[in-house]
Amino acid sequence: MGGSIGTVTYYENYSPVGDVTVTSVCLVFFILMAVAYNIKSKSYRIMQAMIVCLLIAAAASMGYHITLNKRDEIPYAVIYLLRFLMHTGLFVNLYLYVIYVMEPLQLDANIRKRFFIADTVLLVMFVADDLFSTIFKFGYYIDETGTIHEGVRFFFAIGYCCFFGIIAWLLLVYRGRIVRQILYGILGTFAMSILMMSIQGAHGQVSFTCVCFLYPIVTLLYMIHANPYDIEIGAVNVNAFDDMIGYVNRHHESRFFMSLFMPDFEGTGKKYPIEIQNTIKEFTQQYFRGAVLFKLSGGRMLLSINMKKNPDYKKGAESALKRFAKEYKNFQFDYKIVFLTTVPSITGGHDYIKLLQFIEKKMDINSVHTVADRDIADYTTTKYVLSELEDIRHGADLNDPRIEVFTQPVLNIATGKYDTAEALMRMRLPETGMVFPDVFIPLAEEYNYIHTLSLIILFKTCIRIKNMLDQGYNVQRISVNFSVGELRDKSFCDDVKRVIDKVGVPYDKIAIEITESQNESDFLITKKRINELRHDGIKFYLDDFGTGYSNFERIMELPFDIIKFDRSLVIACGSDEKSEQMVTHLARMFSSMDYSVLYEGVETEQDEQKCIRMSAKYLQGYKYSKPIPIEELSEWFEKTA
């Protein structure tokens, strides 16, 4: 660190400005870490210990250089102790930095153990050398005349390089396990530190040694532990929320959450009006102790309340809700408020956000909902179903056993026999058993998994058709449902024909059921796809006619083969004579234009007779059969003579 020749020292090249700076910055770090939102994770604790070590080293460095120039008045033991504290503080700082870097790399136990041993050996070796070289006077010591003996002057620099070597080795060898920006940041600041120490040494300076140790710590604080606040509202960001959930789960703590979702601000970039900002800030400060506000997205705020610190949190929530209802009259923006407590089975912040979104989808606008066990169970099931759907799409196995085909036989009025049927999609999963369509089909459509499922149903239907044809059964066709969204894909027709060709059944044994689209572009695409596949012999059904909006002009432009009248029309016909007359006229109009009419939902003899009077050509419903596994369909069909 310094030296002398006789009574001449070059310690006068030391200025306390560097150590004063480090000491003050470390104290500022402690203040900021105390008042800022930070999760008290293991890495955070290591960071605190590193700052303490650097603070001790900087204070000891100032004391050492001050007492060194007064060594005629101060016992040498004090000087030795301060120097030892300075070096030990810096070496322990580097030792902890290695441990810190190992945390996010997820090293194997044996590899982690080897690096930990190497790190510990280096620390013990350099600290022991610093101590024993002074005691036994083969390194640094002050003799009776006050002359300073250095020993190996570059031993400290060697120690620094050894620790840095371990850090660099870890980061470079396992660079795939750490964010690239953090990797470059750490290596860059260490390189700057080495450069600064080299320049300092070349000029005989010792003032900025501790400053060089400060740079890598600043990198970690800035890139990893910084949780910037939203100045207007005082909220921390979604990454901090994820950290908080991890901490809560590890320590088995309980939190109460108040989520406020305002759709008008979601994805729009608009800022909250001042009255909303003030209301949200009051919630954070007035009703709860130690509550933390998170801004999870542009329109979603979440207040986290420590239930242990706030045993009366329910009362506080009621007060906050009353205040919100009062303030709502002033800003009149739509909202959804959700109350929930931490759920042990949910382990990540983003998972909580998905839970909130799941709950909000089922809520009315401007309403409040308290999450119950039933909600969690439904969400858990939905999450599991989604994971299975994703796996099914990823596997793209047309014979995936999780997707099953059920069918409902269709009665041909002209022959009085069953020679057509509708294929229905079912899902059977290992953990939940049968999952019904109203659960998984909307999810599959929302997340764009539906086309894979439809192709699986088509494939399995074709397999069964081929088997029945080979056995001599009279199969006119079996219809398979596709969504209008699937038709948007340019490869739709090729996908359908590829599956049919793979099995080797005639195209006219397959029908495709689709619902009417209200979208002009979808209408044009649908028309194009129908024309292309009908050219090959595939039939098309218009499904669910009579539900919602129907545009007759568009229907007439689309070359459907069969129009399926929804059960709602059958029910309506039973309520009054006018409805029956209207449906009858519609059915006769379609029949006169070469569309066949199929009535769904026929359940009674009365339904059947009524539908026959209303120009039915095909009938389908529970009167004939409930949906059955496709393997049982041959029990309904007859063999050809």
For [X], I'd like to know if atom [atom1] has over 12 heavy atoms of other residues, nucleotides or ligands within 6.0 Å.
| X | atom1 | value |
| --- | --- | --- |
| Lys626 | NZ | no |
| Asn399 | CG | yes |
| Lys336 | NZ | yes |

Does [X] reach the main-chain N or O of [Y] with its side chain, forming a donor-acceptor pair under 3.5 Å?
| X | Y | answer |
| --- | --- | --- |
| Tyr379 | Phe358 | no |
| Arg175 | Leu172 | yes |
| Asn412 | Lys417 | no |
| Lys460 | Ile403 | yes |
| Asn249 | Ile346 | yes |
| Asn237 | Ala240 | yes |
| Ser625 | Gln408 | no |
| Glu486 | Ser483 | yes |
| Asn531 | Lys527 | yes |

- Single hit among Phe339, Phe294, Tyr352 for ring pair (Phe, Tyr, Trp, His ring centres under 6.0 Å) with Phe257: Tyr352
Side-chain contact, heavy-atom cut-off 4.5 Å: [X] with [Y]?
| X | Y | answer |
| --- | --- | --- |
| Trp636 | Thr407 | no |
| His350 | Asp242 | yes |
| Ile562 | Lys539 | no |
| Asn467 | Tyr473 | no |
| Gln471 | Phe637 | no |
| Asp375 | Thr370 | no |
| Leu633 | Tyr418 | no |
| Met427 | Thr432 | no |

- Query: Under 30°, 30 to 60°, or over 60°: which ring-plane class applies to Phe492 and Phe482, parallel, tilted or perpendicular?
  - Reply: perpendicular
- Task: Over 60° means perpendicular and under 30° means parallel, so classify the ring planes of Tyr595 and Phe590, tilted if in between.
- Result: perpendicular
Within this structure, what is the [atom1]-[atom2] distance for the pair [X] and [Y], rounded to the nearest 0.5 Å?
| X | Y | atom1 | atom2 | value |
| --- | --- | --- | --- | --- |
| Asp108 | Lys113 | CG | NZ | 13.5 Å |
| Leu105 | Leu171 | CG | CG | 6.5 Å |
| Asn474 | Thr640 | CG | OG1 | 6.5 Å |
| Met614 | Ile612 | CE | CD1 | 10.5 Å |
| Ser454 | Glu445 | OG | CD | 8.5 Å |
| Ile353 | Ser297 | CD1 | OG | 7.5 Å |

- What do the steps show when you test Thr420 against Leu598 for side-chain contact (heavy atoms from CB on, under 4.5 Å), and what is the final call? CA-CA 11 Å; Thr420 65; Leu598 186 159; 5.7 Å; no
- Would you mind telling me which of Lys497, Arg529, Lys509 makes a salt bridge (charged side-chain N to carboxylate O under 4.0 Å, His left out) with Asp536? Lys497
- Message: Tell me whether Asp351 is salt-bridged to Lys354, with the criterion being a basic N under 4.0 Å from an acidic carboxylate O.
- Response: no
Which atoms form the tightest heavy-atom contact between [X] and [Y], and what is the distance?
| X | Y | answer |
| --- | --- | --- |
| Ala511 | Ile538 | CA-CG2, 4.5 Å |
| Gln620 | Pro409 | CG-O, 4.2 Å |
| Ser634 | Arg464 | OG-NH2, 3.3 Å |
| Leu453 | Ala444 | CD1-CB, 3.7 Å |
| Gly601 | Asp607 | O-OD2, 4.1 Å |
| Gly299 | Glu266 | N-OE1, 2.8 Å |

- Message: Is there a side-chain contact (heavy atoms from CB on, under 4.5 Å) between Asn481 and Met425? Walk through the geometry before answering.
- Response: CA-CA 9 Å; Asn481 287 275; Met425 191 183 300; over 6 Å; no
Under 3.5 Å, is there a donor on one side chain and an acceptor on the other for [X] and [Y]?
| X | Y | answer |
| --- | --- | --- |
| Glu253 | Thr342 | no |
| Tyr624 | Glu608 | yes |
| Asp495 | His451 | yes |

- Determine whether the aromatic ring centres of Phe540 and Phe560 lie less than 6.0 Å apart. no
- Query: What do the steps show when you test Tyr447 against Leu389 for side-chain contact (heavy atoms from CB on, under 4.5 Å), and what is the final call?
  - Reply: CA-CA 9 Å; Tyr447 291 89; Leu389 287 171; over 6 Å; no
- Query: Within 45° of the ring axis of Phe406 and under 6.0 Å from its six-membered ring centre, is that where the NZ or CZ of Arg426 lies?
  - Reply: yes
- Task: Decide side-chain contact (heavy atoms from CB on, under 4.5 Å) for Phe115 and Ile111; before the verdict, give the C-alpha distance in whole Å, the side-chain angles of both, and the deciding distance to 0.1 Å.
- Result: CA-CA 6 Å; Phe115 275 106; Ile111 297 175; 3.7 Å; yes
